[in-house]
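Below is one structure, written out as structure tokens; the observations come after it.
Every chain is numbered from 1 and lettered A, B, ... according to where its sequence line falls, protein lines coming before strand lines. All values below come from the heavy atoms of this structure, side chains included, with hydrogens, waters and symmetry mates left out.
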Amino acid sequence: MTGLREPAALRPQDAEASADAVNVAATAPANASAPAGEPAARGGEESAPGPPENARAETAEVDGGWPADKSKEEAAPKTARARRRARDRRRVGGKLTLNRLVRTTAFRFTFLYVLVFAVAVSALGAFFYNSTFAVVDRQTDEIINQDLVVLADVFRNDGPGTLRRVLRERAAWRDDGVYIMIASPSGAVLAGNLTALPEEALGADEGFFDFSYERAAIDAAGRSVGEETRRGRGKLRRFQASPQSDSSFLVFVARDITSHEDLRERSQEQITRIGAATIGLGLLIGLVSSRSLLNRVEAVNRTARAIRQGDLSRRIKLTGSEDELDHLSANLNVMLDQIERLMSGMREVSDNIAHDLRSPLTRIRARLNDALKADHQQKDEALRATLRDAEGMIVTFNELLSIARIESGEGAGAMEPLDIVSLAEEMAELYEPAVQDAGFKLVRRLRPCPTVLGSRPLIGQALANMLDNALKYAEGGGTISIEAAPSPDGRIVLAVADDGPGIPKAERSSVLKRFVRLERSRTSEGSGLGLSLVAAVARAHRAALRLSDAKRSAESGERPGLRISLVFSAAEDLG
Amino acid sequence: MRILLIEDDADAAAHLAKNLRDAGHVVDHAVDGEVGANMAGAGDYDAYVIDRMLPKLDGISILNRRREAGDETPALFLSALGEVDDRVKGFKAGGDDYLVKPYAFPELLARVEALGKRRAAPANVTTRYEVGDLEIDVLTRTARRAGRKIELQPREFRLLEYLMRHADQVVTRTMLLENVWEYHFDPQTNVIDVHVSRLRAKIDKDFDKPLLKTIRGAGYTITEAD
């Protein structure tokens, strides 16, 4: 578990700042305000708190103390969690050992497959083997039986002399026939190409039996080249001259089966060899495929380890094969994106809280300190000022929490098909008097739009913030327009435009960051969170947030105005 | 009003109870969910103010039990969880209102008093409301003052109707935004005030006695009293 820790890479997020209109991609966090070079914030190893714990801690704080017994309940599962974590840690690491290979799912599947395949092949082999050689055996037996029938005929019709002659002739043929005729009880060999009855005949009665015998080996040219052991199969038959007679003749008829026995053995060997090769190859393929699978899983594990060690920017590399592992990896990557976004959101919230609440807190402390030593009237004044500060802090705090919760996807449950136009009309109706009182004219530019999948409260609040923004900053302007219209590419644009001073291109991306108010607006009221909330709502809806000049081609000296637009996809396009 | 306050934060509860008592209400305080559920079962209250996160028994469960027992006492949830989903959960459990911490006391007071009023005038369907010589008819959607018809936009009528329903009570800006426009957020600009002052121009301008009054630091009220 070493060596994977890298300094947290903060991605450049402000690259678009120079573009004509600032596009905040729906997924990328628009707020890159967290200063680089703070790996500690995300670098903590095991101690880095998971987002849910973080969120709970925050809630508890707001609530003024997490109930004591609840935290006790939490304590018990924590030890179990620690044990589980230790066990998981043992499992996640490690090199590609044979032991691990053999234990992979892929290998187990292959092994099972090979096993089933081997059983099937052996069964098939046994079947072919038996049927083939059993047929040959039966044919041999048939020939012998027929021989014996013919010989029996000869003996019955023409007597032993003719039988002896026939057998001599048969024996002289150079075929597979093996014969011997023995007179009984004298034991004299009368005919045949065997010198004696084979030993195996002693135990056999009338049935077939296999035996081996010696025979002169003959080479291709017909010359005798010593002796060879051959195998045969045959049947013994006793021919009785007459029922009364003592003398009889033993006739042994057999066939030489050496060649097909050889074939049988060779086939056996071959089948065994092929079987072994099949199983071996199967296992090898299994090992290789599990290895490649394991390698890919290991890549996922490596990423997970790196992330656990604090590098949240790591992602699983896709192979491009679009197989199930790639899909899984892609899904995990999306999840990791979301986690990273949440983490950075959380971190940013705490940074921001620290940033924006520290100064009023410091101010309050100083003021209260002074008030302790002051007279009654000054004390009252200090209390009132403190109250104002506290109220300001509450507003800021609520807005920060809203933004954080929107960004954590909390409003996602409330997504419904929305008619943006009627929502815009409602907001126009709500704001019209205030807009008029501020000396502006409210212009509605509403055209029928396709339905948008969204959260009415969130989009309503975003639109309200956009209108608030125009009211606050479009000083000197004459009209504020609220627009909802389909765009040529089938998306839906919800926009608020004014003819105020606008925002210079270079400053556009920064106003979306939290707490940023442009220098000239420092004096006016506001937490500086209004547009950050709009950006958060945009991200929650995967909508694009664009800031641009309200007037396309403002002549020099003319005020360009500001146009803030939310660009939504139509509900049906989101599937 | 008799109010049962179920809140485990001792400081916050003491502050809240004191202020509610100062406003003329009787307050009982329960320190955890179980005590609260028992007290709610035993006493006859006009309203419950329940913290959502409590030791032993959380706020939602308490209210679920009360509603199962047939207790219709209006309840207001106090919570640090203020997003849409949380609100929906609160209302599903039978809550009548939902206030997110940290809140300003006048906001809480206004809402609790609105709940009490709801109980005092239960479901008997009133279609007419009167404050002094100002009267509205919800069915015909007409408003008259001293017998003279006042022309109102639909939204102005809803605004007036809400104020009239809660006559003699303080109604806050967020209450108006929630009940008249059905949005839950704190507007950063004076949108609500402008609507109210336009309404005021229509109902009060031509008459000697103003009825729609601004309560500093809290909101508005419609009342005959000075």
Q: Please assess A:Leu430 against B:His195 for the test side-chain contact (heavy atoms from CB on, under 4.5 Å), listing each intermediate value before the final yes or no.
A: CA-CA 8 Å; A:Leu430 174 63; B:His195 277 279; 4.1 Å; yes
Q: Answer with side chain, backbone, both or neither: which region of B:Glu182 has an atom nearer than 4.5 Å to a non-hydrogen atom of chain A?
A: both
Q) Relative to chain B, which segment of A:Glu391 carries a heavy atom at a distance below 4.5 Å: side chain, backbone, both, or neither? A) neither
Do other residues, nucleotides or ligands put more than 12 heavy atoms under 6.0 Å from [X] [atom1]?
X	atom1	value
B:Lys209	NZ	yes
B:Arg65	CZ	no
A:Arg363	CZ	yes

**Q.** Nearest non-hydrogen partners of A:Asp437 and B:Arg198, listed with the distance
**A.** OD1-NH2, 3.5 Å
Q: Check whether any side-chain heavy atom of B:Val191 lies under 4.5 Å from a side-chain heavy atom of A:Met427, and answer yes or no.
A: no
Q. Say you draw a straight line from CH2 of B:Trp181 to CD of A:Glu426; how long is it, rounded to the nearest 0.5 Å?
A. 11.0 Å
